[in-house]
Protein chains: 2
Amino acid sequence: MSDGVGYCEIRKIEKIDAEEFDGISRILNAIGNRTRIAMLAVISKYREVCACELQPALGMPQPTITTHLHKMYDVGILKRKEVGKFSYYSINPRFEGIVNDILRGRAETMSV
Amino acid sequence: MSDGVGYCEIRKIEKIDAEEFDGISRILNAIGNRTRIAMLAVISKYREVCACELQPALGMPQPTITTHLHKMYDVGILKRKEVGKFSYYSINPRFEGIVNDILRGRAETMSV
DNA sequence: GTGTCATATTAATATGTAGCGATATGAGAA
DNA sequence: TTCTCATATCGCTACATATTAATATGACAC
C-alpha cells in the first residue's frame with residue numbers, strides 16, 4: 001500500500017450505484033422462481049392461457065396462482081386480457097426473447 | 001362445465017412440475033439482485049476483479065461483498081482465482097452471454 | 001514468532017417472500 | 001334478485017434473504 005487508501009490497489013475502479021440496476025433486477029427477480037418459470041413454460045407453449053387453466057396444470061390453489069401471475073404482470077413480463085370473468089395471460093412480446101432463452105435452457109450456457 | 005372437472009375447460013393443459021425449473025430459477029435468482037448486477041457490471045467491464053476492489057466501488061462493507069460474491073459463485077456464475085490473500089473473480093464464460101444481455105439492457109426488450 | 005491485511009464465517013436483526021385458507025369482489029346465468 | 005364460479009384480496013405462518021458488526025482464518029512481511 002502506498003498512498004493511504006487502505007485497499008489493494010491493483011486498479012482504480014470507479015464507484016457504481018447499485019440503484020441503477022433496480023429495474024432490471026426486479027424483472028429478473030420476478031422470473032427467478034421455479035413456480036413462475038413453470039407458469040411461463042405453460043404460457044409460452046399455449047401462447048395465451050386462462051388463469052383457471054394454470055391451477056390444475058400446476059396443482060396449486062387459486063390464490064397462489066393469482067399472486068404469481070400478478071407479480072409477473074406488475075413488472076411487465078405478462079400481458080393480461082380480461083374476458084368476462086376470465087383472465088387470459090400471455091407473454092409480453094418485449095420479453096419473449098429472454099423468456100424463450102431461459103426456457104430453452106439457453107441450455108448449454110445456463111444449466112447447472 | 002360439462003364433465004365434472006370443475007375448471008373452465010378451454011383446453012386440457014398437461015400438468016407441469018415446477019421442480020423441473022429449480023436449477024434455472026436459482027441461477028436467475030442469484031442474478032436478480034441490484035447489488036449483484038452492479039457487481040457483474042464491474043466484473044464484466046474489468047474482466048477480473050479482486051474482491052477488495054469491489055468494496056470501495058460499491059461502497060459496502062466487506063462481509064456484504066463476500067456474501068454476494070459467494071452467492072454467484074455457488075451457482076456457477078462467477079469463477080474464482082485465489083492468489084495469496086487475494087481473490088479474483090471473473091464471469092464464468094458459460095454465463096457471459098446472458099450476463100452481457102442483461103447488462104446491455106438487452107435494452108429494448110427488458111428495460112422498464 | 002508478531003503484525004497487518006484480505007477474506008471467510010458467525011450471529012443477529014430486518015425485511016421480503018412463498019404458500020395458502022378464508023373471505024370479498026365481480027361477472028354471467030337463471 | 002340469487003346462485004355459481006373466476007378472480008382478487010386479506011391475514012397468517014413459515015421460510016428465505018439482505019445487511020452488517022464482530023470475530024475467525026489465512027497469507028504474507030518482518
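Chain A is the first sequence line, chain B the second, and so forth, proteins listed ahead of strands; every chain is numbered from 1. Predicted model, so just to flag it, every value in this text is computed and none were measured.
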Between C:dT17 and A:H68, is there an OP1 or OP2 to side-chain N/O distance shorter than 4.0 Å? no
On DNA chain C, nearest-nucleotide positions of A:K71 versus A:V83: which is more 5'? A:K71
How many whole angstroms separate atom CG of A:L69 from atom P of C:dA18? 13 Å
Considering only distance and modelled atom types, tabulate donor-acceptor pairs under 3.5 Å from the side chains of residues 38-46 of chain B, sequence neighbours left out.
residue	atom	partner	partner atom	Å
B:S44	OG	B:N100	OD1	3.4
B:K45	NZ	A:E14	OE2	2.6
B:Y46	OH	A:E14	OE1	2.5

Distance in angstrom units between B:E82 CD and C:dA8 C1', rounded: 10 Å
Quick one: CD1 on B:I24 to CD1 on A:I31, what's the gap to the nearest 0.5 Å? 9.5 Å
Whole-Å distance between C:dC20 C1' and A:M60 CE? 11 Å
Nearest 0.5 Å, please: how far is CD1 in B:I91 from CD in B:E96? 6.5 Å
If you assign B:A51 and A:G59 each to the DNA chain C nucleotide with the nearest heavy atom, which residue ends up on the more 5' nucleotide? B:A51
Stepwise side chain to side chain contact (heavy atoms under 4.5 Å, CB included) test for B:Q55 and B:M60: CA-CA 6 Å; B:Q55 199 169 329; B:M60 291 174 172; over 6 Å; no
Quick check on C:dA6: is either OP1 or OP2 less than 4.0 Å from any side-chain nitrogen or oxygen of B:R80? no
Taking the axis from the first five pairs and the axis from the last five, what angle separates them in the helix from C:dG1-D:dC30 to C:dA30-D:dT1, rounded to 10 degrees? 20°
Residues from residues 30-42 of chain A sitting under 4.0 Å of DNA chain C, heavy atoms only? A:N33, A:T35, A:R36
For atom CZ of A:F21 and atom P of D:dA18, their distance in whole Å: 17 Å
So how far is it from A:T35 OG1 to B:I16 CD1, rounded to the nearest 0.5 Å? 10.5 Å
Phosphate OP1/OP2 of C:dC20 contacted by A:T64 side-chain N/O (<4.0 Å): yes
Heavy atoms only, 4.0 Å cut-off, all strands: where does B:P61 land among base, sugar-phosphate and nothing? sugar-phosphate
Supply the atom-to-atom distance B:I13 CD1 to A:L54 CG, rounded to the nearest 0.5 angstrom. 6.5 Å
Output the single nucleotide from C:dA6, D:dA8, D:dT20 whose closest atom is nearest the side chain of B:C52. C:dA6
Please state how far atom OH in B:Y89 lies from atom C1' in C:dA6, giving the value in whole angstrom units. 11 Å
To the nearest 0.5 Å, what is the distance between CG (A:N33) and CE (A:M72)? 8.5 Å
Whole angstrom is fine here: how far is it from NE2 in B:H70 over to P in C:dT10? 12 Å
Integer-rounded Å distance: C:dT17 C1' and A:D74 CG: 14 Å
Under a 4.0 Å threshold between the charged nitrogen and the carboxylate oxygen, would B:E82 count as salt-bridged to B:R80? yes
Rounded distance [0.5 Å steps], CG in A:L28 versus CD1 in B:I102: 4.5 Å
With a 4.0 Å limit, can you tell me whether B:N29 has a side-chain N or O closer than that to the phosphate oxygens OP1/OP2 of D:dA16? no
Could you check which of C:dT9, C:dA6, D:dT9 has an atom nearest any side-chain atom of B:C50? C:dA6
Hey, which of A:H70, A:H68, A:Q62 is the one that makes side-chain hydrogen bond (donor to acceptor under 3.5 Å, both in side chains) with A:T66? A:Q62
Taking donor-acceptor contacts at under 3.5 Å, does the side chain of A:Q62 reach the base of D:dA6? no
Nearest whole Å is fine: how far is D:dA6 P from A:K85 NZ? 6 Å
